[in-house]
Trainee: 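Structure incoming, see below.
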Amino acid sequence: MIDLYYWTTPNGHKITIFLEEAEIPYTIKPINIGKGEQFEPAFLKISPNNRIPAIVDHAPTDGGEPISIFESGAILQYLAEKTGKFLPGDVRGRFEVMQWLFWQMGGLGPMLGQNHHFSQYAPEKIPYAINRYVKETERLYGVLNDRLADREFVAGEYSIADMAAYPWIVPYERQGQNLDNFPHLKRWFKSIEARSAVQQAYAKAAEINQSSAMTDEAKAILFGQGRRQTP
Ligand SMILES: N[C@@H](CCC(=O)N[C@@H](CS)C(=O)NCC(=O)O)C(=O)O
């Protein structure tokens, strides 16, 4: 059984999408990051970076003690290796997927996250910062659109690279983007949106968190974090 430490954000959705697609049983342990639950000592033992998602696998394939993992890319790779799904076994196919997974983890996620921050949440509207991240989002959308011009999915068959990228495209309007400008990306987006496992994953999110609005309390907790005091 897998415990998923989760909140209803793009990095959280990646993992519910995988678990729904692979049809493996899991228990959601909600970590409400807007209330500061990511700083609880028990969670920090699993996820020392105080970020969701994280998992604990109580039945690892080596038969040993439970394994805990943080960082959504590492979790996707772990689950793919455990189940033998959504990551090819051959070296070429595998690294086709891995390079796009790392592209998402190092580029698409962080840059679009900064876009959200400066476009939606920052107390001051800083035109330079908004423009920088909206343009970078547009550039990254263009890279993905070109990649999808002659293939159905990001890397071979539907894989963990698609599951990592999709949740970050969902808020495209908030990122100042119009999918009509990226027709291949739009076709890919619609095909993933229509998958029943993806719909299940988002339905779970709606059950767990009815309000996606960012409160002032949440902003105070999430933004401007400095070094944590060690106990
Ligand atoms: N690189 C990390 C990023 C995780 C991340 O930024 N999680 C956010 C929600 S999407 C979070 O938990 N934030 C809590 C906080 O900032 O304290 C991953 O992909 O797992």
Side-chain angles (χ1 to χ4, degrees), residues 1-40 42-43 46-47 49-60 66-87 101 104-105 108-109 112-113 116 120 153-154 157-175 188-215 217-218 221-222:
M1 178 59 99
I2 306 280
D3 287 340
L4 169 60
Y5 293 80
Y6 165 87
W7 197 240
T8 55
T9 69
N11 290 317
H13 299 315
K14 294 174 187 174
I15 314 302
T16 47
I17 290 174
F18 184 100
L19 293 164
E20 293 292 333
E21 291 282 8
E23 297 181 325
I24 37 180
Y26 64 102
T27 304
I28 288 185
K29 309 273 185 186
I31 300 291
N32 186 336
I33 60 172
K35 298 249 182 250
E37 292 173 8
Q38 68 273 37
F39 303 110
E40 294 290 331
F43 179 65
I46 296 165
S47 185
N49 194 36
N50 66 264
R51 301 278 193 272
I52 64 91
I55 62 165
V56 175
D57 181 0
H58 293 277
I67 293 182
S68 72
I69 303 171
F70 69 100
E71 281 293 323
S72 59
I75 297 168
L76 287 173
Q77 182 179 355
Y78 177 85
L79 292 173
E81 289 183 8
K82 179 182 172 81
T83 59
K85 291 180 175 168
F86 307 116
L87 179 63
L101 179 65
Q104 189 290 314
M105 291 297 299
L108 193 76
L112 277 47
H116 293 171
Q120 319 278 317
F153 296 110
V154 171
E157 301 285 302
Y158 179 58
S159 75
I160 55 175
D162 299 287
M163 296 178 201
Y166 170 80
W168 281 97
I169 309 296
V170 171
Y172 61 88
E173 284 174 334
R174 284 170 48 204
Q175 295 162 6
W188 167 88
F189 179 80
K190 293 285 170 199
S191 85
I192 296 183
E193 185 182 45
R195 295 178 72 89
S196 61
V198 172
Q199 290 180 8
Q200 292 272 86
Y202 280 80
K204 276 228 160 111
E207 270 170 38
I208 288 169
N209 181 13
Q210 275 86 36
S211 157
S212 58
M214 177 82 77
T215 62
E217 181 201 1
I221 288 169
L222 289 168

Trainee: Who are the side-chain contact (heavy atoms from CB on, under 4.5 Å) partners of Thr27, not counting sequence neighbours?
Mentor: Met1, Asp3, Lys29
Trainee: Give, for atom CD of Gln120 and atom CZ of Arg174, the distance between the pair rounded to the nearest 0.5 Å.
Mentor: 4.5 Å
Trainee: For the atom pair CG (Leu4) and CD1 (Ile52), what is the distance rounded to the nearest 0.5 Å?
Mentor: 8.0 Å
Trainee: When you compare the side chain of Ile55 with that of Leu79, does any pair of heavy atoms fall below 4.5 Å?
Mentor: yes
Trainee: Taking only residues two or more places apart in sequence or in another chain, which ones pass salt bridge (charged side-chain N to carboxylate O under 4.0 Å, His left out) with Arg195?
Mentor: Glu21
Trainee: Name all residues meeting the salt bridge (charged side-chain N to carboxylate O under 4.0 Å, His left out) criterion together with Lys204; count only those two or more places apart in sequence or in a different chain, and write none if there are none.
Mentor: Glu20
Trainee: Does Trp168 have any ring pair (Phe, Tyr, Trp, His ring centres under 6.0 Å) partners at least two apart in sequence or in another chain, and if so, which?
Mentor: His116
Trainee: Say you draw a straight line from OG1 of Thr16 to CD1 of Ile28; how long is it, rounded to the nearest 0.5 Å?
Mentor: 6.5 Å
Trainee: To check you understand the geometry: which heavy-atom pair defines the closest contact between Leu87 and Ala80, and what is its length?
Mentor: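 That would be CB-CB, 3.7 Å.
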Trainee: Nearest heavy-atom pair of Ala164 and Pro167: which atoms, and what distance?
Mentor: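 Closest pair (atom of Ala164, atom of Pro167, distance): O-CD, 3.6 Å.
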Trainee: Who passes salt bridge (charged side-chain N to carboxylate O under 4.0 Å, His left out) against Glu157, sequence neighbours left out?
Mentor: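 Glu157 satisfies salt bridge (charged side-chain N to carboxylate O under 4.0 Å, His left out) with no other residue.
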Trainee: Donor-acceptor pairs are to be reported for all side-chain atoms of residues 71-78 against protein atoms at under 3.5 Å, with residues two or more places apart or in another chain.
Mentor:
| unit_1 | atom_1 | unit_2 | atom_2 | d |
| --- | --- | --- | --- | --- |
| Ser72 | OG | Lys14 | NZ | 2.9 |
| Gln77 | NE2 | Glu81 | OE2 | 3.0 |
| Tyr78 | OH | Asp57 | OD2 | 2.7 |

Trainee: Restricting to ring pair (Phe, Tyr, Trp, His ring centres under 6.0 Å), what partner residues turn up for Phe86, sequence neighbours left out?
Mentor: Phe18, Tyr158
Trainee: I'd like to check the side-chain hydrogen bond (donor to acceptor under 3.5 Å, both in side chains) partners of Asn209; sequence neighbours left out, ordered by chain and number.
Mentor: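 Asn209 satisfies side-chain hydrogen bond (donor to acceptor under 3.5 Å, both in side chains) with Thr8 once adjacent residues are dropped.
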Trainee: Just wondering, do Met214 and Leu222 contact through their side chains at under 4.5 Å, heavy atoms?
Mentor: yes
Trainee: What's the spacing between Ile46 CD1 and Phe43 CZ if we round to 0.5 Å?
Mentor: 7.0 Å
Trainee: Does Ile221 have any side-chain contact (heavy atoms from CB on, under 4.5 Å) partners at least two apart in sequence or in another chain, and if so, which?
Mentor: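 For Ile221, the residues satisfying side-chain contact (heavy atoms from CB on, under 4.5 Å) (neighbours in sequence not counted) are Gln38, Phe39, Glu217.
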Trainee: Once rounded to the nearest 0.5 Å, what's the spacing between atom NZ of Lys82 and atom CD1 of Ile24?
Mentor: 7.0 Å
Trainee: In Å and rounded to the nearest 0.5 Å, what is the CD1 to CH2 distance from Ile33 to Trp7?
Mentor: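 The CH2 atom of Trp7 is 8.5 Å from CD1 of Ile33, to the nearest 0.5 Å.
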Trainee: Can you name the side-chain hydrogen bond (donor to acceptor under 3.5 Å, both in side chains) partners of Ser47, sequence neighbours left out?
Mentor: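 Applying side-chain hydrogen bond (donor to acceptor under 3.5 Å, both in side chains) to Ser47 gives none.
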Trainee: Name all residues meeting the ring pair (Phe, Tyr, Trp, His ring centres under 6.0 Å) criterion together with Tyr172; count only those two or more places apart in sequence or in a different chain, and write none if there are none.
Mentor: Phe189
Trainee: Any heavy-atom pair between the side chains of Ile15 and Tyr6 that's under 4.5 Å?
Mentor: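 They are not in side-chain contact.
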